[in-house]
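We count residues from 1, following the sequence as given. All figures in this text were calculated on a predicted structure; none of them were measured in a lab.
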Amino acid sequence: MDSKHRRDFLKLCVASIPALVFTNGLSAKETKGRGVAQPAYRTPDSLERYIDPLPIPKQLKPYSTSKDKDQYRVRMLQFKRQMHSQLPPTRLWGYEGQYPGPTIEALRGRPIVVQWENHLPAQHIFEIDPHIHGAMSPAPAVRTVPHLHGSRSRSESDGLPEKWFAPGSSARYDYPNSQPATTLWYHDHALGITRMNVYAGLSGFFLLRDDDERSMDLPSGDYEIPLLLQDRTLDDLGQLVYSPTHDDGLKLPPGVWGPEFFGDLPVVNGAILPYLNVEPRPYRLRILNGCNSRFLNVSFNLAKSPTDIPSLVTFHQIGTDGGFLPNPAALNKVLLGPAERADLIVDFSGHEGKIVTLSNNAAAPFPGWELASTNHAPLYEFMQFRVTLPVSNKGKSFRMPPPMPFAKLDETKATATRDFVLSELMDDKGRSLGLRINDKGYDDPVTEHVKLGSIEKWRFINTTEDSHPMHLHLVQFQILHRQGFNAGAFLSGKLQFMGAPRPPQANEAGWKDTAVVNPRDVLTIIVRFEGYTGRYLFHCHMLEHEDNDMMRPFEVVPEG
């Protein structure tokens, strides 16, 4: 049966059976023997919205504890799970057989050890492009290497892309947790296939706690919710489809790299369009943009439809990638590039009986203003918060965090200013062949050697038509400013600034490990290279871009 007829057949089945009966994972033979009706599944484009509760990732417990550290075991497994109750189980990859992976909670100053084990099959879920660096023969199709994003860890535990290991192998990583409380996340980083491994499900939250956070009256327990926002595409049988495109929206054949991927379905914590019943009280929402390419401009909307006039709930951002902000920022929208995090306080008080929709209005691709028409369907809504629960007494009192001590890095102490030109290689049709930093790819020799303990300014000069979320491993940095430049003059080798420097927004004025540089802009950050010596990375966190080839190594060398 071809695709068109299969779709028509499935839709006919749905129309014939209005009610769904679920079998709790029983096989067809078992359900037949028990007289239980088998479910009639829908196609992804005919799903009912907001009928499934939001899944909350389970917390992973250590298998061993001692006076000095905790030890964890994390297996990478293939499994099947429903992403929506009206879809058949989807084949996924996940840490400990979960999508997203289980949340790891750690305490500042208490190291942990994680034994990462690859138990995946030898065949990849998706076709591999063998022309991408790192994916060429004789590299096996299935290989993984975990990266704890935002962590200050030794190079050997950082998750360097070339340090992958195949099914049947494992690696032991040490995480010192010697940094302030914040929202970190772990995900796969295997050279040349990061985009597909993460898309298959290999990502999860890592929440670092400390005494300062514990002393605050922040919502916790049932009132602290991690939200991993992603986009996915499924076929009529409910299986993942990885279908990248060119910038103009042209789809590519399976197994061919494309510069961007935008899924058709909004996914939160592995579920399509879920809902969460909440009390009329403040909640702490730990939001992560885990999309491959999609930017998210997140808001909380009381309007019934995305086409209605927005009625936005004001919220406060209290933290970003590297921890708490110096001062909470009052917002009604927050822009997050892939890999950026936002620690939010959303107060549902006064909204009893109402529905608040987690919404998005970011263009795809972002910023989108260069395009004559939209090539990718927008994802206007991700989930609902239903303010239907009575206020319980188990939640502790809440107050907004007080101003936090924050020391700005001194520009006059910077020992170097380094420029990184972001560019895109094009064919004769104006379509991408890959991306570069300073005309170099990941496999080119290291050109950046920085001294341990030194302070430097790094400038990212964006000559492309996309915004890029630039990420540095090992360190957290501060944004100094963004500023336009004369693209024509730059073609002749002159960096000529235009307009006044624009300081970071209030919700960016803290420690960051990922920051967005817009087209025809220069993003200037200031970094102290503290922690460890060794090899690390910086790259665009649009996964299609880092795979080909907007990623470079840098080397931290001993002081002096």
Side-chain angles (χ1 to χ4, degrees), residues 44 55 57 74-84 87-102 116-130 132 134-135 139-147 149 159 161 164-169 185-205 228-235 237-245 252 254-258 260-272 288-294 338-339 541-548:
V74 180
R75 298 164 295 174
M76 298 163 231
L77 302 167
Q78 179 170 284
F79 61 101
K80 285 192 173 185
R81 202 200 79 186
Q82 284 182 293
M83 297 179 66
H84 190 284
L87 289 174
T90 301
R91 179 172 57 151
L92 299 162
W93 288 0
Y95 298 102
E96 284 301 296
Q98 299 176 41
Y99 168 55
W116 300 97
E117 301 179 0
N118 187 340
H119 293 274
L120 296 170
Q123 181 67 38
H124 207 289
I125 293 179
F126 311 112
E127 292 189 43
I128 305 295
D129 189 337
I132 303 300
V142 176
R143 48 203 164 80
T144 60
V145 57
H147 168 57
H149 182 117
W164 51 261
F165 46 98
S169 300
W185 67 299
Y186 60 97
H187 63 82
D188 191 72
H189 215 306
L191 193 63
I193 57 171
T194 296
R195 66 197 186 282
M196 292 182 287
N197 286 359
V198 174
Y199 186 74
L202 292 174
S203 57
F205 278 98
L228 173 57
L229 308 184
Q230 296 175 312
D231 54 343
R232 295 291 185 263
T233 295
L234 302 177
D235 65 18
L237 300 179
Q239 302 309 303
L240 285 173
V241 175
Y242 177 73
S243 181
T245 68
L252 291 148
V256 177
W257 174 86
E260 57 196 28
F261 170 87
F262 299 104
D264 301 332
L265 297 166
V267 177
V268 186
N269 291 354
I272 297 168
L288 159 63
N289 181 348
C291 299
N292 280 36
S293 297
R294 187 182 293 273
H541 219 287
M542 293 170 72
L543 302 185
E544 284 68 29
H545 290 185
E546 73 171 81
D547 268 348
N548 186 33

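Between the CZ atom in Arg91 and the CD atom in Gln78 there is a gap of 5.0 Å [rounded to 0.5 Å]. To the nearest 0.5 Å, the span separating CG on Asn548 from OG1 on Thr194 amounts to 12.0 Å. Here the CZ atom belonging to Phe261 is positioned 12.0 Å from the CE atom belonging to Met196, to the nearest 0.5 angstrom. Ile128 contributes atom CD1, which lies 15.5 Å from atom CH2 of Trp257 (distance to the nearest 0.5 angstrom). Interatomic distance, CD of Gln239 versus OG1 of Thr233, reported as 13.5 Å (0.5 Å rounding). Taken from CH2 in Trp93 to CZ in Phe79, the straight-line distance is 11.5 Å, to the nearest 0.5 Å.
Of the possible donor and acceptor atoms, one in the side chain of Thr90 sits under 3.5 Å from a partner among the backbone N and O of Gly238. In this structure, Arg294 contributes its side chain and Gly263 its backbone to a donor-acceptor pair below 3.5 Å. Without hydrogens or angle criteria, Gln82 side chain to Leu87 main chain gives a donor-acceptor distance under 3.5 Å.
When all heavy atoms of Ala122 and Ala141 are compared, the closest pair comes out as O-CB, 4.4 Å. Residues Ser293 and Glu544 come closest through the heavy atom pair OG-OE1, 2.7 Å. Of all heavy-atom pairs spanning Pro57 and Asn269, the tightest one is CD-ND2, 3.7 Å. The heavy-atom pair separating Ala190 from Thr144 by the smallest distance is CB-CA, 4.1 Å. Of all heavy-atom pairs between Leu120 and Pro167, the closest is O-CB, 3.1 Å. The minimum heavy-atom distance linking Tyr99 with Val267 is given by the pair OH-CG1, 3.8 Å.
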Step-by-step side chain to side chain donor-acceptor pair (under 3.5 Å) determination, Asn197 to His124: CA-CA 9 Å; Asn197 286 359; His124 207 289; 2.8 Å; yes
Criterion side chain to side chain contact (heavy atoms under 4.5 Å, CB included) on Asn292 and Tyr242, from CA distance to verdict: CA-CA 11 Å; Asn292 280 36; Tyr242 177 73; 3.9 Å; yes
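With contacts defined as side-chain heavy-atom distances shorter than 4.5 Å, the pair Pro89/Arg81 does not qualify. Counting heavy atoms from C-beta on, the side chains of Leu234 and Leu240 come closer than 4.5 Å. Residues Trp164 and Asn118 are not in side-chain contact: their nearest non-hydrogen atoms beyond the backbone lie 4.5 Å or more apart. Residues Arg75 and Glu96 form a side-chain contact, since some pair of their non-hydrogen atoms from C-beta on lies under 4.5 Å apart. With contacts defined as side-chain heavy-atom distances shorter than 4.5 Å, the pair Asp188/Tyr95 qualifies. Looking at heavy atoms from C-beta onward, Pro44 lies out of side-chain contact with Asp264 at the 4.5 angstrom threshold. With contacts defined as side-chain heavy-atom distances shorter than 4.5 Å, the pair Asp129/Arg195 qualifies. In this structure, Gln230 and Pro100 have side chains that are not in contact, with every pair of non-hydrogen atoms separated by 4.5 Å or more.
Below 30°, between 30° and 60°, or above 60°: for His189 and His147 the angle between ring planes is above 60°, a perpendicular geometry.
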